[in-house]
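Numbering of ligands and ligand atoms starts at 1, following listing order. Sequence positions, counted from 1, serve as the residue numbers for this chain. As the structure is a computational prediction, the values presented were derived from the model and not from experiment.
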Amino acid sequence: MSKVVKFGGSSLANAEQFRKVASIIRGDKSRKYVVPSAPGKRFSNDTKVTDLLYDCYDLAQEGKDFKKALQVIRERYQDIIDGLKLEISLDREFEIIQEQFEKKAGRDYAASRGEYLNGIVLASYLGFTFIDAAEVIFFTGEDGTWDAQKTKEVLSQRLKDCKNAVIPGFYGSLPDGRIKTFSRGGSDITGSIVAQAAGVDVYENWTDVSGFLIADPRIIDNPKGIEVITYRELRELSYMGAGVLHEDAIFPVRQEGIPINIRNTNAPEDEGTWIVGSTCQKSKYVITGIAGKKGFCSVSVEKDMMNSEIGFGRKVLSAFEEQGISFEHMPSGIDTLTVFVHQDEFMSKEQKVVAGIHRMVKPDAIEIESDLALIAVVGRGMKSTRGTAGRIFSALAHSNVNVKMIDQGSSELNIIIGVENSDFETAIRAIYDIFVLTAI
Ligand code: ASP
């Protein structure tokens with residue numbers, strides 16, 4: 001049995017958190033490869049080291065004095081080193097960082113130093129080998145996307161020779177050696193890549209919550225946790241905004257069928273959530289989770305005999321594509337087709353899109369509605385349970401929520417419901433109550 005363990009910024013924010021992390025790693029010999037984030041917030045209005053680095057680099061780029069800002073970052077690490085009574089010095093590292101900032105080495109380089117330095121400190125504390133992610137994680141030159149093949153070749157070879165290692169999260173290198181980062185929260189992706197390359201049995205992702213919750217705790221008081229969720233279910237939920245894990249972190253491990261276990265550094269006894277490829281384990285409730293987002297617009301296009309006009313859907317969508325707008329959902333009727341888009345993306349281009357639709361399909365009418373919310377009710381159990389949609393809609397009707405749109409995914413894994421923004425919270429509570437509270 002071997003595992004990759006990734007620790008988020010709040011798990012490594014100070015010396016006390018480092019001690020918890022070390023005891024988790026030492027408590028299980030199979031925790032062989034460790035991927036750290038940069039130190040996160042120590043208290044609620046603290047600033048993450050990554051943000052301090054971005055700000056510091058911006059000063060350097062504007063030709064302003066950045067040394068004081070760099071000193072603040074240096075003290076964050078020194079506090080950790082002193083708190084852990086380590087003998088190491090980061091003096092030389094900070095000299096190099098200062099030189100690189102003066103040379104304007106780039107914002108990605110700057111941000112990556114958070115993970116890089118934390119990796120050095122953690123490796124020294126654990127007595128593990130330190131592997132600079134720049135030497136094992138690669139991006140392509142053309143469009144800067146992750147180079148899966150080269151990474152796998154180099155990284156798996158490197159890990160073969162290593163019993164234990166710390167590989168900092170969030171960054172890698174371009175073919176010319178420059179540093180590039182993933183998007184924010186990207187250490188989750190590094191963890192997944194390392195798990196794939198090492199071919200481990202489990203990817204543990206340690207954070208500050210005990211896994212996923214069935215619904216947003218800002219809307220539902222004390223919601224139940226999710227014990228097991230499939231990758232596909234999670235995709236449906238995370239894409240609606242339930243982000244504990246970076247969306248892109250799923251793909252590398254999913255390819256290899258490696259499960260992800262989300263765990264809580266501050267409550268290591270909790271089992272957390274298991275994210276798996278497939279499972280015969282039924283979820284406790286018919287639904288696995290509910291997630292949603294406000295701020296959508298619907299654009300309904302009406303035309304008699306639409307259903308027999310070949311290419312109608314494609315032409316309508318091309319009016320959105322021309323303006324660089326992606327769509328979320330597209331339910332249709334016999335003579336109508338509705339496209340759901342993000343309001344903030346759509347607003348400034350509204351008239352251009354409408355003109356485009358007129359030009360392409362000569363509709364009878366176009367109706368636009370704004371301030372809508374979409375709610376995804378997701379669950380692998382829905383496929384084999386009759387009456388799920390019926391229960392959702394009677395719960396919503398009882399709560400006086402007007403349902404504007406219903407869209408059941410063809411996989412029968414999700415039902416998407418469109419409501420007015422103002423009904424969003426009420427609708428989520430009604431669905432949670434009917435499936436979770438009254439199911440007990
Ligand atoms: N430190 C980076 C961030 O704050 C990456 C990460 O934590 O995953 O986004």
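Every residue was checked against the salt bridge (charged side-chain N to carboxylate O under 4.0 Å, His left out) condition with D161, not counting sequence neighbours, and none meets it.
Under the 3.5 Å distance criterion, the side-chain polar atoms of D201 are matched with a main-chain donor or acceptor of S2.
Considering backbone and side-chain atoms together, F170 places no N or O closer than 3.5 Å to any N or O of ligand 1. Polar contact check, S37 against ligand 1: a nitrogen or oxygen pair lies under 3.5 Å apart. Checking only distances, R184 does come within under 3.5 Å of ligand 1, N or O to N or O.
Taking CD from E345 and CZ from F296, the interatomic distance works out to 9.5 Å, rounded to the nearest 0.5 Å.
Only the side chain of E115 comes within contact range of ligand 1, with a heavy atom under 4.0 Å; no backbone atom does.
Of the protein's non-hydrogen atoms, S187 OG, 3.4 Å is the one closest to atom 6 (C) of ligand 1.
Proximity of G169 to ligand 1 is not established, as no heavy-atom distance is less than 4.0 Å. Residue contacts with ligand 1 include G185, since one or more of its heavy atoms lies under 4.0 Å from the ligand.
Note on ring orientation: taking the six-membered ring where Trp is involved, the planes of F101 and Y109 are perpendicular (angle over 60°, cut-offs 30° and 60°).
Taking the charged nitrogens against the carboxylate oxygens, R19 and E16 have no contact shorter than 4.0 Å, which rules out a salt bridge.
Within ligand 1, counting atoms from 1 as listed, the ones closer than 4.0 Å to a heavy atom of K48 are 4 (O).
Annotation for E321: atom CD does not count as buried by contact number, only 12 or fewer foreign heavy atoms lying within 6.0 Å.
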